[in-house]
Structure formats: C-alpha cells, structure tokens
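Quick caveat: nothing in here was measured; it's all calculated off a predicted structure. Along the sequence shown, residues are numbered consecutively beginning with 1.
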Amino acid sequence: MIVVLKPQTTAEQIKKFSDEITSQYKVTVNTWVGTQSTVLGLIGDTASIDTDIIQANPIVESLTRVQEPYKKANRKFHPDNTVIDMGKFKIGDGSVTMMIGPCSVESSEQMAEISQRIKKAGAAMLRGGAFKPRTSPYAFQGLRAEGLYLLTEAKRNFGLPIVTEIMSPAHLPLFEDVDIIQVGARNMQNFELLKELGHCDKPILLKRGLANTIEEFLMSAEYIMAGGNEKVILCERGIRTFEPMTRNTLDISAVPLLKKLSHLPVIVDPSHAAGIPWMVEPLSMASIACGADGLMIEVHNNPAKALSDGAQALTPDQFDGIAEKIKGLAGYLGRSVNTLE
C-alpha cells in the first residue's frame, strides 16, 4: 500500500503517523522523501487496514493498494530514479556507463593491455571474471582469488573501478576491493546468496536469468533490497528462446518495461545476448536508444586464444569503433557518457 502525503507535512507529523500505523497494524513503513512529495510504503499484511481511516487523516493526499509482490523495487514506492554514486561518476542519472573487459581474467599482461585500451576508448569500469560458472565441469573455471588480485592490480594501475561475479557467500571477504559485485544469470535465484548480498554495502549488478520473467527478475532484486542494500543495478543479458541462430535472444523491450516498473538502473549485456561479435554494435545502439543506463561488453586482446567465450569477444580495435558510435548516439539523445580520461 502506498500513502502519498501532502507537501507541507512536517517530519514530526510523518513520524507520528507512521508510529500510529505500525502500532495498529502488522506492517512496516518505508519513508521516501522526494522532490515533489513524501511517500510512505506500507509493507506487510495490509488487507486489514481500514483505508477510510487512513484517508481521513489531514496529512494524507492519496492512498493506493499495490498488487505487485515486489515493493522496494517498485517505482510506485520510489518515484524518482535510484542513482548509484561511483565517486567519479553516477549510474542511473541519465548518463551512459560502459563496463568493458574480458570474460575471464587470465594474466597481469592481459589485464594491463585491455585496461589501457578500454580506458582510452571511454570505458568507465573494468569488468572481468575471476570466478567462472561454466556449463561443463571440465571448462576453465577462472583464476578465482588470483583473478581478483589481478583485477585489483589493474584497478590500482589504471584507476578503473571493477565489477566481477560472485558465486558463493563464502567468497564475500575476497571482494573487499571490488566496486560492484555481479550476480550472474545462473545465480539470479540463488536466494541465500541474494540474502547475504542484502547485508553488504556495495552496489550489486543483478543479471536476469536465462528463462526468467520480468516479475521473477524484480523479485530477485527484492531479496537483496529486503536485506537493506538498495544499491541494485539490473542487467538484461538475453533470454533462452526457440531461436538457435543467436546464443540468446536479447529482450530489448525489457529495458523500458523495467524502467517503467522499477526505479533501479538498467544496463544491457549485448555480448552474452547474441554471442556474435558483429551483433554487439547494433544491439548496443538499440539499448542506448531505448534508455539503458549502460552497457557491459566483452573485450579481449586476443579472442582466438581466450580461455572462455572468445567467440563473442571484441578486440580493442573493434571496441574503439563501437565506443565512438555510442558516444555519438548518446550525444544526439542529450545524454553524456561517463569516462575517466
């Protein structure tokens, strides 16, 4: 249930009203103070609430019952966009952020070469996999702790914030220097992991599962937010359909739909969506055009010898060209591109 208060309502009146509600009903009250109004989100057993009594209060402007099961991720509870502050730039404020790097971290030399090139091209973040969930148990599983060390080494040397995937709550102590923790598609419904991430104070990049609905996606975000961490970034990375000509099918409609339903930032991973390098450019442009807050693109200095997903990776030269086109489109749309140069 959402209660919108009148603009002139004081902090004292809000507290008194909230205390009365929580003492009378089995609900918790989340308060959001926006630029235009104050919104109270009543979460819990709202069926027993007498709406006439609530609406009779002189500080109440309107009351709405919410049917969606996700509350904290719901734009109705939080009308303004959530903005993730990364220090030198922000995600969700209308700008475009490019998170670029290899599928798997392989060596110090690899990370140095890629970091230098992508930063010069306009990337604001370095992405790379240290822990790799693979379909085959015999495939390369990542360098694990050593891979995290190589990522943080590149961060120190080139000033690029890093985003990398976590697979287990037990690994959290290793992620102290990671700027954004990624939850991969296979772990989107690993609820014990999501609960644990709800207790940490880092932004979480949550990827949509291969066969999950939008509502299931938002409910996974809700798990993280219910634990107290509201710094969640949603990532559309393609879903599994009957079409075999691409690795997955990019659900481009998910971007405006998620931004309509939720206040959380939305980015797109076109590399995993198609699995085809030449498709990364048109899918990236489409993503920016329909309002995505950023892109996660795979770039490898030698895709032919990559230890994982080399077939879908771009070379640094290919990324240079795409980055220029992304900047051009963003500028045409009146949006800035976050860079560290």
Side-chain angles (χ1 to χ4, degrees), residues 69-70 73 99 101-104 127 129 131-142 163-168 181-194 197 204-224 232-262 264-288 290-298 300 303 306-314:
Y70 48 92
M99 306 176 184
C103 178
S104 295
R127 59 93 62 183
F131 294 86
K132 294 302 301 176
R134 305 299 298 279
T135 301
S136 169
Y138 309 111
F140 177 61
Q141 305 290 315
V163 52
T164 190
E165 182 173 350
I166 193 169
M167 292 177 59
S168 167
I181 298 176
Q182 174 184 315
V183 176
R186 292 174 177 84
N187 275 316
M188 192 206 84
Q189 290 186 309
N190 183 342
F191 299 123
E192 292 305 312
L193 174 60
L194 300 181
L197 294 175
I204 308 299
L205 190 151
L206 179 66
K207 284 196 165 187
R208 183 181 179 185
L210 280 70
N212 288 106
T213 65
I214 295 293
E215 184 171 294
E216 288 168 340
F217 190 19
L218 290 171
M219 286 304 294
S220 288
E222 193 81 4
Y223 262 93
I224 299 170
V232 178
I233 302 166
L234 304 173
C235 179
E236 166 58 39
R237 45 82 67 207
I239 53 176
R240 181 171 291 169
T241 68
F242 56 82
E243 178 53 65
M245 294 192 73
T246 53
R247 182 176 180 179
N248 295 286
T249 299
L250 179 62
D251 183 5
I252 199 73
S253 66
V255 177
L257 182 56
L258 286 167
K259 295 185 81 67
K260 174 73 172 178
L261 297 173
S262 177
L264 300 173
V266 180
I267 71 165
V268 173
D269 178 349
S271 299
H272 278 94
I276 302 171
W278 67 263
M279 292 192 72
V280 170
E281 180 182 315
L283 294 181
S284 296
M285 302 294 273
S287 300
I288 299 304
C290 72
D293 295 290
L295 297 164
M296 176 173 276
I297 298 174
E298 286 193 9
H300 196 287
L307 295 181
S308 65
D309 285 348
Q312 68 190 34
L314 300 175

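- Rounding to the nearest 0.5 Å places CG of Asp251 at 5.5 Å from CD1 of Ile214.
- Rounding to the nearest 0.5 Å places OG of Ser284 at 12.5 Å from CE of Met296.
- Test Leu197, Val232, Leu194 against Tyr223 for side-chain contact (heavy atoms from CB on, under 4.5 Å) and you get one pass: Leu194.
- Judged by distance alone, the side chain of Glu243 and the main-chain N or O of Met245 form a donor-acceptor pair under 3.5 Å.
- No side-chain donor-acceptor contact under 3.5 Å links Arg127 to the backbone of Thr164.
- Between the CD1 atom in Ile276 and the CZ atom in Arg247 there is a gap of 11.0 Å [rounded to 0.5 Å].
- To the nearest 0.5 Å, atoms CD1 (Ile233) and CG (Leu206) are separated by 10.5 Å.
- Using modelled atom types, one side-chain atom of Ser271 and one backbone atom of Glu298 make a donor-acceptor pair closer than 3.5 Å.
- Formation of a donor-acceptor pair under 3.5 Å by the Asn212 side chain with backbone atoms of Phe217 is not found in this model.
- Taking CG from Leu234 and CD1 from Ile267, the interatomic distance works out to 9.5 Å, rounded to the nearest 0.5 Å.
- Considering NZ of Lys207 and NE2 of His272, their distance stands at 5.0 Å, rounded to 0.5 Å.
- Pairs passing the salt bridge (Lys or Arg N to Asp or Glu O under 4.0 Å) check and including a residue from residues 233-242, sequence neighbours excluded, read Arg208-Glu236.
- With hydrogens and angles disregarded, a donor-acceptor distance shorter than 3.5 Å links the side chain of Ser287 to the backbone of Leu283.
- At least one donor-acceptor pair closer than 3.5 Å links the side chain of Asn190 to the backbone N or O of Leu193.
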